[in-house]
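All remarks here apply to the structure that follows.
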Amino acid sequence: MPSVSPPAPPLPGPEIEPSMTNAFTPIEILRPTILEFGNGTITAAARFAERIGAKRPMVVSDPFNARRVDTLALPGAVKVFGDVKPEPDLPNLEKAVAMARDVKPDLVVGFGGGSAMDIAKLVAVLCTSDVAFADIVGPEKVAGRSVALMQIPTTSGTGSEAGTRALVTDPVSQNKQAVQSRFMLADIAIVDPDLTMTVPKEITAATGVDALAHCVEAYTSRKAHPTIDLYALEGARLVGRYLKRSVADGSDREARAGLSLASLYGGYCLGPVNTTAGHAVAYPLGTRHHIAHGLACAVIFPHTLAFNMPAVEAKTVAVLGALGLPEQNDPKLAFDATYAFCKNLGVEMRLSALGVPRNDLGVMADEAHAIRRLLDNNPRDLSRDAILSMYEVGF
């Protein structure tokens with residue numbers, strides 16, 4: 001437990017607590033055309049590929065999962081790009097796209113964690129044209145897609161299999177560049193919890209909190225919507241029930257399935273609502289110091305949850321209850337409880353222990369504060385100094 005608790009935030013005025021769940025607000029919800037969920041559903045990969053007549057499947061994966069591509073039993077001349085990095089950058093993407101333009105696949109398969117699935121989305125929309133990545137950064141700038149896209153997660157964290165976004169780090173600016181497009185939505189998502197059984201406990205813990213963060217940030221966003229709230233709160237409940245069990249025993253199939261469902265629900269939250277301050281504050285940890293995304297989100301989670309609580313008190317209390325924590329409306333107690341929740345999973349919560357230098361905290365605060373696409377939907381205005389304070393408390 002850190003020795004310094006976050007400063008008590010001032011109570012927000014009425015303008016900070018708008019109606020957050022207006023059922024009359026228009027919303028568009030997109031889902032993969034086919035979802036296969038459950039233990040053993042990996043066999044659907046071959047069936048789908050054969051049904052569409054795929055002859056040149058290309059699997060986009062990380063080094064570990066590249067070694068088990070044979071489990072997909074894909075037909076045809078299968079090619080594998082197995083060099084996806086934990087925090088993929090633009091050169092990593094360009095290498096994958098170059099291979100795809102040479103292979104000319106008729107099916108692109110993302111097989112791995114969120115990084116592999118994000119790169120697969122971008123490969124699928126870039127491999128049949130000369131369009132540059134810079135030309136599609138932002139919302140709905142992709143003209144189309146002519147190859148099939150399959151997503152198969154092997155971790156329970158990002159929910160990328162269900163969404164329309166992909167993020168890649170620009171090594172020059174050290175910022176994440178986001179692409180959002182309906183054409184990056186999978187034709188089929190196969191969520192087989194058995195594939196997550198090999199994930200080490202420390203990664204299980206961090207990615208599980210990432211799934212939780214997706215749910216909680218969407219649930220408390222200014223753009224929160226009742227059509228998504230039910231997934232968000234149930235996703236948090238599933239994390240509360242199954243994450244500790246998955247960390248304690250990675251072979252617990254029920255716990256792995258519960259966590260895979262939580263991750264999927266978190267992915268459902270990302271499309272129409274998306275994340276807020278938690279992810280904005282976490283991003284510089286990955287882009288500047290190569291801390292895995294799930295771990296970065298876990299480290300930041302208690303800080304932004306407690307900061308936002310005065311603006312979304314009832315929802316924050318509901319989140320605490322979903323996690324099995326005391327349902328108290330005190331930001332300091334919320335911070336302490338969620339910090340202990342993460343720490344008891346084995347998550348290293350100190351920035352100093354993760355190799356972040358103290359003299360970089362100010363620059364990180366500048367960069368996080370500039371991520372307006374996320375911060376503008378946070379339920380409370382988060383200043384640069386407030387972000388810096390979070391980093392200092394977490395150091």
Side-chain angles (χ1 to χ4, degrees), residues 26-35 48 52 54 56-61 79 81 84-85 87-153 158-173 175-189 214 223 267-275 279 283 293 371-374 377:
I27 190 169
E28 180 184 48
I29 298 175
L30 302 174
R31 296 282 187 269
T33 306
I34 301 170
L35 170 68
F48 177 83
I52 67 171
R56 300 180 307 280
M58 177 175 164
V59 180
V60 178
S61 192
K79 299 294 182 182
F81 178 84
V84 175
K85 297 161 64 172
E87 288 285 316
D89 56 16
L90 192 50
N92 198 206
L93 170 64
E94 290 170 343
K95 187 177 176 183
V97 170
M99 177 177 174
R101 286 173 175 166
D102 182 56
V103 168
K104 295 180 172 57
D106 48 13
L107 167 65
V108 173
V109 181
F111 183 48
S115 296
M117 291 187 285
D118 278 11
I119 295 295
K121 292 174 186 176
L122 294 167
V123 165
V125 299
L126 290 171
C127 70
T128 54
S129 72
D130 294 326
V131 172
F133 173 75
D135 295 331
I136 62 171
V137 171
E140 301 299 343
K141 294 184 179 179
V142 175
R145 168 167 60 84
S146 59
V147 301
L149 177 61
M150 177 188 297
Q151 298 283 26
I152 308 173
T158 68
S160 182
E161 69 274 8
T164 59
R165 287 187 181 86
L167 285 85
V168 175
T169 298
D170 180 346
V172 177
S173 67
N175 290 325
K176 285 184 184 269
Q177 302 289 310
V179 178
Q180 178 186 342
S181 170
R182 64 187 59 245
F183 296 113
M184 296 198 306
L185 191 66
D187 297 304
I188 179 170
H214 293 159
K223 290 171 63 178
Y268 285 173
C269 292
L270 293 180
V273 177
N274 206 15
T275 54
H279 273 61
Y283 279 160
H293 174 70
I371 305 176
R372 303 319 308 175
R373 66 184 181 84
L374 301 184
N377 291 316

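In this chain, numbering begins with 1 at the start of the sequence shown.
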When you measure from the side chain of [X] to the backbone N and O of [Y], does any donor-acceptor pair fall under 3.5 Å?
X: S181; Y: F183; value: yes
X: R182; Y: E140; value: no
X: T275; Y: H214; value: no
X: E87; Y: H293; value: yes
X: Q151; Y: F111; value: no
X: K141; Y: D135; value: no
X: R372; Y: N377; value: no
X: R56; Y: K104; value: yes

Rounded to the nearest 0.5 Å, what separates atom [atom1] in [X] from atom [atom2] in [Y]?
X: L35; Y: I188; atom1: CG; atom2: CD1; result: 8.5 Å
X: L93; Y: T169; atom1: CG; atom2: OG1; result: 11.0 Å
X: E94; Y: D89; atom1: CD; atom2: CG; result: 9.0 Å
X: S129; Y: R101; atom1: OG; atom2: CZ; result: 6.0 Å

Looking only at heavy atoms, which two atoms of [X] and [Y] are closest? And how far apart?
X: P57; Y: D106; result: N-OD1, 3.8 Å
X: A162; Y: L185; result: O-CD1, 3.5 Å
X: P105; Y: V147; result: O-CG1, 3.2 Å
X: L149; Y: A124; result: CD1-CB, 4.1 Å
X: P32; Y: E161; result: CG-O, 3.6 Å
X: M184; Y: T164; result: CE-O, 3.3 Å

If we only count heavy atoms from C-beta on, is the [X] to [Y] side-chain gap below 4.5 Å?
X: N92; Y: F81; answer: yes
X: L107; Y: M150; answer: yes
X: V179; Y: V142; answer: yes
X: T158; Y: M117; answer: yes
X: N274; Y: R373; answer: yes
X: S160; Y: K121; answer: yes
X: L90; Y: F133; answer: yes

Any salt bridge between R145 and D187, counting N to O under 4.0 Å?
->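 So R145 pairs with D187 through a salt bridge.
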
For side-chain contact (heavy atoms from CB on, under 4.5 Å), just list the numbers for D170 and N175, CA-CA rounded to whole Å, side-chain angles, deciding distance to a tenth of an Å, and then say yes or no.
-> CA-CA 6 Å; D170 180 346; N175 290 325; 5.5 Å; no

Just one of V60, I136, L167, V97 clears the side-chain contact (heavy atoms from CB on, under 4.5 Å) bar with L122, so which one?
->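 In the set V60, I136, L167, V97, the residue that makes a side-chain contact (heavy atoms from CB on, under 4.5 Å) with L122 is I136.
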
